[in-house]
**Q** 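Before anything else, here's the structure in question.
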Amino acid sequence: MDSKPKYTGDDYFYEIEEDFLKELEGLHPKYGSSIIKHLDGIVQEIAEDKILTGNIYEDEAGMVAGVVGDDEPLFYIVEFINYKNVWPLFHKLNVIESDQYLDYINLQKKIEDE
């Protein structure tokens, strides 16, 4: 947890672990920048506990899936921890297959494009 909180333009911050950043850096920049935009878009939902269904007063972990790229789509999962009274922590980024992404759509755990 060496990274500094990222300011998203609203009153919501988040942290990104070093392993997440390494995985992000290994991707083509067009994918990496789009994933960061997705994180900016969902941080408020995570902070307000709209994605998770449990008790907002306890630490909770969650996973959401997204897709970036038009010509050659990249499907991915982001794992996060939503700490009570603190900003969310994004700690894992995994590239997945389209079938896994469809599973997340069915579970309503999909990052919506803006």
Side-chain angles (χ1 to χ4, degrees):
M1 297 196 324
D2 296 329
S3 63
K4 299 287 183 205
K6 178 176 181 357
Y7 184 64
T8 64
D10 292 323
D11 293 330
Y12 298 96
F13 296 85
Y14 58 86
E15 282 192 43
I16 298 176
E17 282 195 347
E18 188 174 334
D19 289 343
F20 188 106
L21 289 174
K22 285 180 185 176
E23 190 71 30
L24 197 62
E25 289 172 354
L27 300 175
H28 189 281
K30 71 177 182 180
Y31 294 135
S33 63
S34 295
I35 290 171
I36 292 297
K37 286 179 187 175
H38 281 177
L39 296 182
D40 286 347
I42 65 167
V43 71
Q44 180 177 353
E45 292 180 58
I46 292 171
E48 293 178 355
D49 202 37
K50 292 180 184 173
I51 290 177
L52 303 172
T53 58
N55 185 340
I56 63 171
Y57 300 107
E58 296 180 11
D59 299 346
E60 299 208 40
M63 295 170 52
V64 291
V67 60
V68 292
D70 294 326
D71 297 336
E72 297 177 34
L74 176 81
F75 302 95
Y76 67 93
I77 293 174
V78 171
E79 295 182 37
F80 62 88
I81 300 172
N82 193 21
Y83 291 110
K84 58 183 175 184
N85 302 322
V86 186
W87 45 80
L89 168 67
F90 294 102
H91 67 97
K92 285 189 182 176
L93 171 66
N94 297 307
V95 175
I96 60 171
E97 298 294 323
S98 59
D99 289 345
Q100 288 177 284
Y101 178 69
L102 294 174
D103 292 339
Y104 278 83
I105 290 175
N106 290 334
L107 294 170
Q108 298 179 353
K109 300 278 185 176
K110 173 188 170 279
I111 298 172
E112 298 293 332
D113 288 332
E114 305 216 1

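Worth knowing before you read on, the calculation uses all heavy atoms, side chains too, and leaves out hydrogens, waters and symmetry mates. Position 1 is the first residue of the sequence, and the numbers go up from there.
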**Q** Any chance you could measure I36, atom CD1, to L21, atom CG, to the nearest 0.5 Å?
**A** 7.0 Å

**Q** Take a 6.0 Å sphere around NZ of K110 and say whether it holds more than 12 heavy atoms from other residues, nucleotides or ligands.
**A** yes

**Q** How long is the gap from CZ on F20 to NZ on K92, to the nearest 0.5 Å?
**A** 12.0 Å

**Q** Locate the shortest heavy-atom distance separating M63 from E79; write the atom from each residue and the value.
**A** CG-CG, 3.4 Å

**Q** When you compare the side chain of E17 with that of L89, does any pair of heavy atoms fall below 4.5 Å?
**A** yes

**Q** Taking C-beta and beyond as the side chain, do V95 and Y31 meet within less than 4.5 Å on heavy atoms?
**A** no

**Q** Can you tell if the side chain of L24 reaches within under 4.5 Å of the side chain of I16, non-hydrogen atoms only?
**A** no

**Q** Mind checking whether L107 and I111 sit in one hydrophobic cluster, side chains of I, L, V, M, F, W, Y counted as touching below 4.5 Å?
**A** no

**Q** At what distance, to the nearest 0.5 angstrom, does NE2 of H91 lie from CD of E23?
**A** 13.5 Å

**Q** Side chain to side chain contact (heavy atoms under 4.5 Å, CB included) between F90 and I42: does it pass, once the steps are laid out?
**A** CA-CA 11 Å; F90 294 102; I42 65 167; 4.3 Å; yes

**Q** Would you list the atom pairs, donor with acceptor, under 3.5 Å between side chains in residues 64-78 and any protein atom, with sequence neighbours excluded?
**A**
| unit_1 | atom_1 | unit_2 | atom_2 | d |
| --- | --- | --- | --- | --- |
| Y76 | OH | H38 | ND1 | 2.4 |

